[in-house]
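Note sheet for the following structure.
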2 protein chains.
Amino acid sequence: MKLPHDHGNCECSENLIEKMPSLEGFSIASDIFKLLGDANRVKLFWLLCHTEECVTDLAAMMDMSSPALSHHLRFLKASGLIVSRREGKEVFYRSADTEFSDMLHHIIEDVVEIACPDKFS
Amino acid sequence: MKLPHDHGNCECSENLIEKMPSLEGFSIASDIFKLLGDANRVKLFWLLCHTEECVTDLAAMMDMSSPALSHHLRFLKASGLIVSRREGKEVFYRSADTEFSDMLHHIIEDVVEIACPDKFS
DNA sequence: TTAACAATTAAACGATTGTTTAATTGTTAT
DNA sequence: ATAACAATTAAACAATCGTTTAATTGTTAA
């Protein structure tokens, strides 16, 4: 690819484009970040990394309505980050036991720690 | 906090709420993820982690209009993830040399690798 | 001081996202 | 079967976000 301006580093920038992941790759990455781009959803996922709970209790812990909560649970489940099981009238949710889910859990705790160390004890 | 339902794990869930980071903490975390919640912005940040370029060349590399690009550069700069310097008529951007910027760079490459290993050579 | 180029800003528009309200499905106990 | 509770779904609404177009600011060279 020929760039409009040449500042002597064209070799670096132009070669970079060859090595660059496809937009689809970045799109998949951004979809994952989008999942965590909502404070309530991060909080919810963090909770489900630490305990398994039914929707009613989660709604109380999150201080949210159950429809709103269901909505977020839906996304997290569709992405494979969380799993659910029914027990009688209740449905229990918890984080999926996958390498990927674990990685995001740690990223969240890293980010929260870096962003506001005093907020995390 | 008293939960509506008791499944025997109340000690776990109720103690969790005490240890839980504040919503503000999660909000700061989600703001960071929101930054990367757009494919063009992830791609742009990734590029700026690997090279320093002027807006015109970045627009060519990103296949975007310069106003659209400026818009995204603004957010990334406001968050401290990238820095800029003017040289004559041109403004050059690159990733900030901080621990935090470096961490996100690696997270992106990890995520892209996990999400689509074949997309990254 | 103009003219030309680089970059940013502002306003308008369309698309997406999250919450609410109401209706519906699924399960258990009477 | 019916009543009560748990959870999900659907439709409507408000808010946010990204792109476009047009205007503006900043810099250099003629």
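So you know, we letter chains A, B, ... as the sequences are listed, proteins then strands, and number each from 1.
In this model, the phosphate group of C:dT8 is approached by a side-chain N or O of B:Tyr93 to a distance below 4.0 Å at OP1 or OP2. Of the side-chain N and O atoms in B:Arg74, none sit less than 4.0 angstrom from OP1 or OP2 of C:dA7. Under 4.0 angstrom from either OP1 or OP2 of C:dT17 there lies no side-chain N or O belonging to A:His72.
Note on B:Thr56: only backbone sugar-phosphate atoms sit closer than 4.0 angstrom, heavy atoms only; bases stay farther off.
Proximity of A:Phe26 to B:Arg41: side-chain heavy atoms (C-beta onward) are nowhere separated by under 4.5 Å.
Rounded to whole angstrom, the span from the CG atom of B:Leu76 across to the P atom of C:dT8 amounts to 12 Å. Atom-to-atom, CG of B:Leu69 to P of C:dA6 comes out at 14 Å; the value is rounded to the nearest Å. Rounded to a whole Å, the CG atom of B:Leu35 is 9 Å from the P atom of D:dG18. In this structure, the CZ atom of B:Phe92 is 15 Å from the P atom of D:dT27, given to the nearest Å. Residue B:Lys77 contributes atom NZ, which lies 14 Å from atom C1' of C:dT9 at whole-angstrom precision. A straight line from CZ of A:Arg85 to C1' of D:dA7 spans 15 Å, rounded to a whole angstrom. A:Glu53 has its CD atom 13 Å from the P atom of D:dA6, to the nearest Å. Note: NZ (B:Lys89) to C1' (C:dC5) measures 4 Å, nearest angstrom.
Ranked by how close their nearest DNA chain C nucleotide is to the 5' end, A:His5 and A:Arg86 are led by A:His5. Along DNA chain C, the nucleotide nearest A:His71 and the nucleotide nearest B:Pro67 are compared for position; the residue whose nucleotide lies closer to the 5' end is B:Pro67.
Salt bridge annotation for B:Glu52-B:Arg85: present, with a cationic side-chain nitrogen under 4.0 angstrom from a carboxylate oxygen.
Proximity note for B:Val55 (side chain, C-beta onward) versus C:dA7, D:dA7, D:dT20: the nearest is C:dA7. Comparing atom distances between the B:Ser70 side chain and each of D:dG18, C:dT19, C:dA7 picks out C:dA7 as nearest. Considering only the side chain of A:Glu90, D:dA7 comes nearest among D:dA7, C:dA7, D:dT19.
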* **side chain to side chain contact (heavy atoms under 4.5 Å, CB included) between B:Val111 and A:Phe33, worked out** => CA-CA 9 Å; B:Val111 169; A:Phe33 291 122; 4.2 Å; yes
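B:Ile108 and A:Leu23 end up in different hydrophobic clusters when Ile, Leu, Val, Met, Phe, Trp and Tyr side chains are linked at under 4.5 Å.
Taking the six-membered ring for Trp and the full ring otherwise, A:Phe45 and A:His72 have centroids separated by 6.0 Å or more.
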